[in-house]
Amino acid sequence: MSKTLVIGAAFVDVLMDVPKLPTTGEDISGHLRANIVGGSAFNVYGAIKYTGQDADLFVPVGEGQYADLVSEDMAKMGIRPLLKVNGADNGWDISFVEPDGERSFLTVNGIEQLWQPDWFENIDISNYDYFYISGYEMEDDKAAGVILDALDKRNSDSQVLFDASPRIEYISQKTLQRLYDNHVMIHCNEDETRNLFPGVSSLEMKCQEIFVKTHAPIVLTLGEEGAYLCAGKHHSEMVRSRPRSPNGPSQEMMFLHKDKPLLHLRSEQLVREF
């Protein structure tokens with residue numbers, strides 16, 4: 001069985017139900033729903049394990065009140081922490097949940113933005129066939145460089161999936177080019193494609209432009225419609241979604257193709273199956 005390394009962050013999400021987002025200077029009332037451990041990497045790891053696939057979660061667990069919550073939650077879920085580090089607390093965010101389920105975030109970064117080269121001494125990159133990375137870790141050039149330098153040591157036949165995330169507009173062109181050069185499989189939503197290719201009109205054309213740069217499949221999520229999967233000019237398909245989040249549309253990799261996680265489908269397999 002193939003194995004995935006999910007690289008990223010474990011955040012504490014403070015879920016707050018609100019009737020609408022406040023405008024500048026406005027004061028609205030909200031209802032605290034819960035504090036939960038989340039973050040793109042944490043959620044994607046859960047989705048992969050949900051399908052019975054083999055994966056490791058590689059997220060820094062620091063020191064402080066939020067790191068303690070992360071540690072407690074990982075222990076309850078039976079997740080062995082691979083990266084216990086010192087120097088800062090884990091990040092957290094307030095997730096404003098509107099009545100239709102749409103979420104907006106205010107994020108306070110933590111240890112997950114302070115990636116160090118020696119952290120990767122805790123694992124053997126060559127043991128993994130697939131890698132997940134998120135735009136949240138790519139917006140800081142130094143952190144992005146550390147992660148991408150480590151991934152340069154991966155096996156040549158392994159595959160990287162890049163989850164663009166809402167932070168795509170803050171990622172430098174230098175880092176984006178390194179991602180393209182690594183032939184990453186890009187997962188993004190409709191809004192995020194506008195930041196990647198602002199001058200291109202149709203979604204199909206945007207996906208084709210991305211494919212030209214990466215030579216790897218693109219997964220474009222379209223909310224309740226599912227996802228548009230593109231693996232070249234003559235290989236595209238709409239696929240059904242299987243949502244897992246009770247908090248509205250999720251930007252994580254919750255889409256399946258032929259009942260397998262999209263991350264576990266190689267470029268050549270996608271082209272062949274289409």
Side-chain angles (χ1 to χ4, degrees), residues 6-24 26-51 55-115 119 132-140 143 163-167 170 187 189 221 223 242-254:
V6 181
I7 302 172
F11 261 63
V12 175
D13 294 321
V14 179
L15 298 181
M16 187 74 65
D17 289 321
V18 294
K20 68 182 186 68
L21 291 180
T23 59
T24 301
E26 185 180 12
D27 184 352
I28 64 171
S29 296
H31 171 70
L32 177 63
R33 182 188 297 183
N35 293 331
I36 62 172
V37 175
S40 294
F42 197 86
N43 295 336
V44 165
Y45 172 79
I48 295 174
K49 297 298 285 186
Y50 176 78
T51 64
D56 282 337
L57 179 63
F58 195 60
V59 298
V61 180
E63 49 187 0
Q65 61 175 327
Y66 296 108
D68 289 344
L69 291 173
V70 171
S71 295
E72 291 171 9
D73 211 61
M74 291 178 71
K76 290 177 183 177
M77 298 175 66
I79 303 173
R80 181 171 63 92
L82 298 177
L83 192 56
K84 293 279 288 183
V85 293
N86 301 319
D89 200 354
N90 280 59
W92 61 284
D93 64 69
I94 300 177
S95 175
F96 298 100
V97 186
E98 297 177 77
D100 63 356
E102 189 63 44
R103 292 176 291 171
S104 302
F105 300 89
L106 185 153
T107 298
V108 179
N109 290 320
I111 193 71
E112 67 285 336
Q113 291 294 325
L114 303 176
W115 285 84
W119 290 2
Y132 168 92
I133 56 176
S134 164
Y136 286 103
E137 283 69 55
M138 293 291 109
E139 66 174 292
D140 181 271
D163 184 0
S165 85
R167 307 300 295 175
Y170 302 106
H187 167 263
N189 63 23
T221 56
R242 184 176 295 175
R244 294 181 60 242
S245 172
N247 302 316
S250 173
Q251 299 310 317
E252 281 79 44
M253 206 178 51
M254 300 304 163

Identify each donor-acceptor pair in which a side-chain atom of residues 77-96 lies under 3.5 Å from a protein atom, sequence neighbours left out, and give them as a table.
unit_1	atom_1	unit_2	atom_2	d
Lys84	NZ	Ser71	OG	3.4
Asp89	OD1	Tyr66	N	3.3
Asp89	OD1	Ala67	N	2.7
Asp89	OD2	Gln65	N	3.2
Asp89	OD2	Tyr66	N	3.2
Asn90	OD1	Gly62	N	2.7
Asn90	ND2	Ala10	O	3.0
Asn90	ND2	Pro60	O	3.1

Are any non-hydrogen side-chain atoms of Phe11 and Thr107 less than 4.5 angstrom apart?
-> yes

So how far is it from Leu15 CG to Asn35 CG, rounded to the nearest 0.5 Å?
-> 7.5 Å

Minimum side-chain heavy-atom gap Glu137-Ile7 below 4.5 Å = no

State the CD-CG distance between Glu139 and Asn109, to the nearest 0.5 angstrom.
-> 6.0 Å

Atom pair CZ (Phe58) and CH2 (Trp119), whose distance is rounded to the nearest 0.5 Å | 8.5 Å

Locate the shortest heavy-atom distance separating Asp73 from Phe42; write the atom from each residue and the value.
-> OD2-CZ, 3.9 Å

How long is the span from the CG atom in Asp13 to the CZ atom in Arg33, to the nearest 0.5 Å?
-> 11.5 Å

Taking every non-hydrogen atom, the tightest pair across Ala41 and Ala9 = CB-N, 3.6 Å

Shortest non-hydrogen pair, Val37 vs Leu69, comes out as CG2-O, 3.7 Å

Crowded around Lys20 NZ? As in, over 12 foreign heavy atoms under 6.0 Å?
-> yes

Contact summary for Met74 and Leu57, nearest pair of heavy atoms = CE-CD2, 4.3 Å

